[in-house]
Amino acid sequence: QVQLVESGGGLVQAGGSLRLSCAASGRAFDSYFISWFRQAPGKEREFVAVIDWSGQNLLYSDSVKGRFTISRDNAKYTVYLKMNSLKPEDTAVYYCAAKTGLLLYQDASAYGYWGQGTQVTVSS
């Protein structure tokens, strides 16, 4: 079992950057795939990025590819999401989530562990 806590959200102007952190506690953190999802008001939760236990295998949604970077530090039990060139449409609550295995990695219902979320607001 793993517990997740996000931080680092805030208000930023379009074109700016933020780095989100997902701090984990619990057992066997390095055996989990960790993903970032986001949810804007009135919309479904959307997959953003996923990283495997080694930190070498990364996948991104098309909407953030080239602008966002996911990384992890297993020694610190933390996963990061560096967001550059932010756009107003990136405004959402960002969540990190954990699962074992990569199957259905874009499907929020496939994840058993979630953080509480952190708000990111990008002004135009």
Side-chain angles (χ1 to χ4, degrees):
Q1 190 168 353
V2 63
Q3 294 80 42
L4 305 170
V5 178
E6 303 94 336
S7 62
L11 174 63
V12 63
Q13 288 188 331
S17 299
L18 282 174
R19 190 181 77 160
L20 306 183
S21 298
C22 173
S25 60
R27 301 180 66 180
F29 168 73
D30 57 2
S31 66
Y32 287 91
F33 288 79
I34 305 294
S35 290
W36 287 95
F37 285 77
R38 65 187 182 184
Q39 189 165 21
K43 294 189 177 181
E44 293 187 353
R45 197 164 293 191
E46 172 192 21
F47 168 78
V48 174
V50 62
I51 188 167
D52 74 346
W53 66 272
S54 72
Q56 299 300 310
N57 295 298
L58 319 171
L59 293 167
Y60 297 92
S61 68
D62 288 342
S63 61
V64 308
K65 197 174 297 181
R67 300 188 297 123
F68 290 11
T69 302
I70 189 171
S71 61
R72 70 190 290 165
D73 185 338
N74 286 339
K76 296 183 178 180
Y77 291 82
T78 302
V79 171
Y80 304 98
L81 185 69
K82 181 65 187 300
M83 306 184 295
N84 295 326
S85 302
L86 283 162
K87 305 175 182 179
E89 52 263 44
D90 293 318
T91 295
V93 177
Y94 283 71
Y95 299 89
C96 61
K99 68 188 302 292
T100 55
L102 196 56
L103 186 66
L104 301 177
Y105 69 91
Q106 296 185 78
D107 184 351
S109 66
Y111 288 77
Y113 305 102
W114 290 87
Q116 83 290 348
T118 186
Q119 176 71 47
V120 172
T121 303
V122 184
S123 63
S124 57

Colleague: Is there a donor-acceptor pair under 3.5 Å between the side chain of Q3 and the backbone N or O of A24?
Modeller: no
Colleague: Working to the nearest 0.5 Å, report the span between CD1 of I70 and SG of C22.
Modeller: 9.0 Å
Colleague: In terms of the angle between their ring planes, are F68 and Y94 parallel, tilted or perpendicular, with boundaries placed at 30° and 60°?
Modeller: tilted
Colleague: Are I51 and N57 side-chain neighbours, meaning at least one heavy-atom pair lies under 4.5 Å?
Modeller: no
Colleague: How long is the straight-line distance from NZ of K99 back to OG of S109, given to the nearest 0.5 Å?
Modeller: 9.5 Å
Colleague: Do side-chain atoms of T91 reach the backbone of V122 as a donor and acceptor pair under 3.5 angstrom?
Modeller: yes
Colleague: Does atom CD of Q13 have more than 12 heavy-atom neighbours from other groups under 6.0 Å away?
Modeller: no
Colleague: Does Y105 have its ring centroid less than 6.0 Å away from the ring centroid of F47?
Modeller: yes
Colleague: Whether the side chain of E6 engages the backbone of C96 through a donor-acceptor N/O pair (distance < 3.5 Å, no angle test) should be reported.
Modeller: yes
Colleague: Ring of W53, cation from R72 - is the NZ or CZ under 6.0 Å from the centre and inside 45° of the axis?
Modeller: no
Colleague: In this structure, would V79 and L18 fall into the same cluster of hydrophobic residues linked by side-chain contacts under 4.5 Å?
Modeller: yes
Colleague: Can you see whether D73 engages T78 through a side-chain donor-acceptor pair at a distance of less than 3.5 angstrom?
Modeller: no
Colleague: Given the side-chain rings of F37 and Y95, with only the six-membered ring counted for Trp, is the space between their centroids under 6.0 Å?
Modeller: no
